[in-house]
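Following: one structure in structure tokens, then a few remarks.
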Amino acid sequence: MLIEQMYTNCLAEAAYWIESEGEAAVIDPIRETGPYLEKAAERGVKIKYVFETHFHADFVSGHIDLAKATGATIIYGPGAETNYAVHNAHDGEEFKIGKLTIRVLHTPGHTPESSCYLLLNESDGGGKKEHAVFTGDTLFVGDVGRPDLLDGKMTKEELASMMFDSLNNKLKPLADEVLLYPAHGPGSSCGKNIGKETWSTMGEQKKKNYALLINDRKEFIEAVTSGLSAPPQYFFQDAMINKNGYESLEHVMERNVKPLSAEKVKAAIENGAMVLDTRHVDEFEKAFIPGSVFIGLDGTFAVWVGTLLDMSVPLILVTDAGKEHEAILRLARVGFENVAGYLEGGIEAWTNAGLPADNLKSVNPDEFAADVREGKSDRTILDVRRPGEFNSGHVEGADHFCLTNFSKKENLEKLSTEEPYYLHCAGGYRSVIAASIMKANGFTNLVNVRKGWAGIKNENLALVIPETV
């Protein structure tokens, strides 16, 4: 038996490879099929099944392309209606992979079709022993899936009530030693506060996961539905893509990996295209095409693209040399396929063509502290971290304006384009994203704080730190 978690940091997503006796199954694959096909070839096994825990909202799954490439059957839980061929399993149905058995546990709550997959291993006595459960977005380490993604078809309270039953009737009865393998880790927007680990055991979660410790339905519904930020705007589009089907990734890449001259990029911008700059923060600060939005490949790139950008707007990419293919692939993972091409030769080609470039002023934490100390600075401090981060400690007098707010122009209108701002996040990545969006929307007097809160908290500044932290 082989179980391998295949984790994609940029999506905070876990796919799983399960193998026994020359047969394999993949659970919740990412969009590109290469990693799975290569593993099957290396190990000389046949991929028999592709299991989907639900219609994913945060990424485009690779289930359709993988099934076409291997002849594998796509398995969904009860009630999953698709525009392509699948096997809708019933609750309790079992599937064989070599000497292993996978049992379907229908666990509605995150979505109506959500299902977990219980892996049964042959025991020494010849029976079946519960070994691991693949929980998708139903149960995470320290959290549960958000129940507010059906866009009005069901209320979050109705789904939360269904999840209460799923957890108590299907998952909590599992033995403590059963391994827990969820679909997401920290950084995913599919939960409120997912823990740092990407796997656990049912016993650990029964002891520590707040959702499994609540035995009252009303209290549970209140707990899992409160404190939810608005879901990223691309979630509903990706869920429909996964439900209805999509163009093959191979065709998307052939169409989108297209070099463009500086003049063609300029013309595309004039026709409504947006420039997405994916380089490292330090390089972006020095020079960028005016109006560009920065989202660096070295961070949770795909998640922030999906959260902040409009899928319908054509994109022009500026990348580090040799990173064009990776950037376009990672965009496709979250359904962003409207890419007109990339700037051939990078930012140097733009400036060498005599076209104007912008830049972003940044300071180190000690410079920021020296300016702010004793109220000498006239700049408003914008802390763009998540609410939980801000509430755990922040600079006295700072305004909280979470980066997720930058996805809508009406939110930016709450800020003044005439006012000078300091921007910071936890480490310096998100604040540059925020600054680039502000600059693209007419803000001119901005200063980014490098290293963010990680550096600021060590300076001699007045901070607000709750006693419980």
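Note: hydrogens, waters and symmetry copies are ignored here, and every other heavy atom, side chains too, is used.
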Does any pair with a residue in residues 321-330 pass side chain to side chain donor-acceptor pair (under 3.5 Å), and if so which ones, sequence neighbours excluded?
K323-E326, E326-R330
Looking only at side-chain N and O atoms, does Q233 offer a donor or acceptor that is under 3.5 Å from a partner on S407?
no
Determine which pairs satisfy salt bridge (charged side-chain N to carboxylate O under 4.0 Å, His left out) with at least one residue from residues 428-447, sequence neighbours left out, and list them in order.
D358-K439, E389-R430
Measuring from I433:CD1 to N448:CG, what's the distance to the nearest 0.5 Å?
11.0 Å
Tightest non-hydrogen contact, residues D143 and G191, listed as OD2-C, 3.5 Å
Residues two or more places apart in sequence or in another chain: which of them pass salt bridge (charged side-chain N to carboxylate O under 4.0 Å, His left out) with K39?
E4
Quick one: does N411's side chain have a donor or acceptor within less than 3.5 Å of a partner on N405's backbone?
yes
Spacing of L412 atom CG and N441 atom CG [to the nearest 0.5 Å]:
5.0 Å
Please, which pairs that meet salt bridge (charged side-chain N to carboxylate O under 4.0 Å, His left out) have at least one residue in residues 195-212, sequence neighbours excluded?
D176-K206, E204-K208
Listing request: all ring-ring contact (aromatic ring centres under 6.0 Å, His included) pairs with a residue in residues 215-236, at least two apart in sequence or in separate chains.
F164-F220
Give every residue pair that meets the ring-ring contact (aromatic ring centres under 6.0 Å, His included) criterion with at least one member in residues 341-376, sequence neighbours excluded.
F368-Y422
All salt bridge (charged side-chain N to carboxylate O under 4.0 Å, His left out) counterparts of D298, not counting sequence neighbours
none
Residues passing the salt bridge (charged side-chain N to carboxylate O under 4.0 Å, His left out) test with R255, sequence neighbours excluded, are E247
Distance only, no hydrogens: is a donor on one side chain within 3.5 Å (strictly under) of an acceptor on the other, for N242 and S61?
no
Work out which heavy atom in V50 is nearest to a heavy atom in L66; give both atom names and the distance.
CG2-CD2, 3.9 Å
Sub-3.5 Å donor-acceptor pair from the side chain of N364 to the main-chain atoms of D366, do we have one?
no
Listed once per pair and sorted, the side chain to side chain donor-acceptor pair (under 3.5 Å) pairs that draw on residues 26-37, sequence neighbours left out:
D28-T53, D28-H56, R31-E337, E32-R333
Ring geometry between W453 and H424 (parallel below 30°, tilted from 30 to 60°, perpendicular above 60°)
parallel
Not counting sequence neighbours, list each pair that qualifies as a ring-ring contact (aromatic ring centres under 6.0 Å, His included) and has a residue in residues 376-418.
F390-H394, F390-H400, F401-F406
Residues pairing under ring-ring contact (aromatic ring centres under 6.0 Å, His included) where one sits in residues 189-211, two or more places apart or in two chains, turn out to be none
Side-chain (S114) to main-chain (T111) donor-acceptor, under 3.5 angstrom:
yes
Using salt bridge (charged side-chain N to carboxylate O under 4.0 Å, His left out) as the criterion, list what pairs up with D399, not counting sequence neighbours.
none
Is the shortest distance from a Lys or Arg side-chain nitrogen in R146 or D137 to a carboxylate oxygen in the other one below 4.0 Å?
no
Cationic N near anionic O, under 4.0 Å, E270 to K266
yes
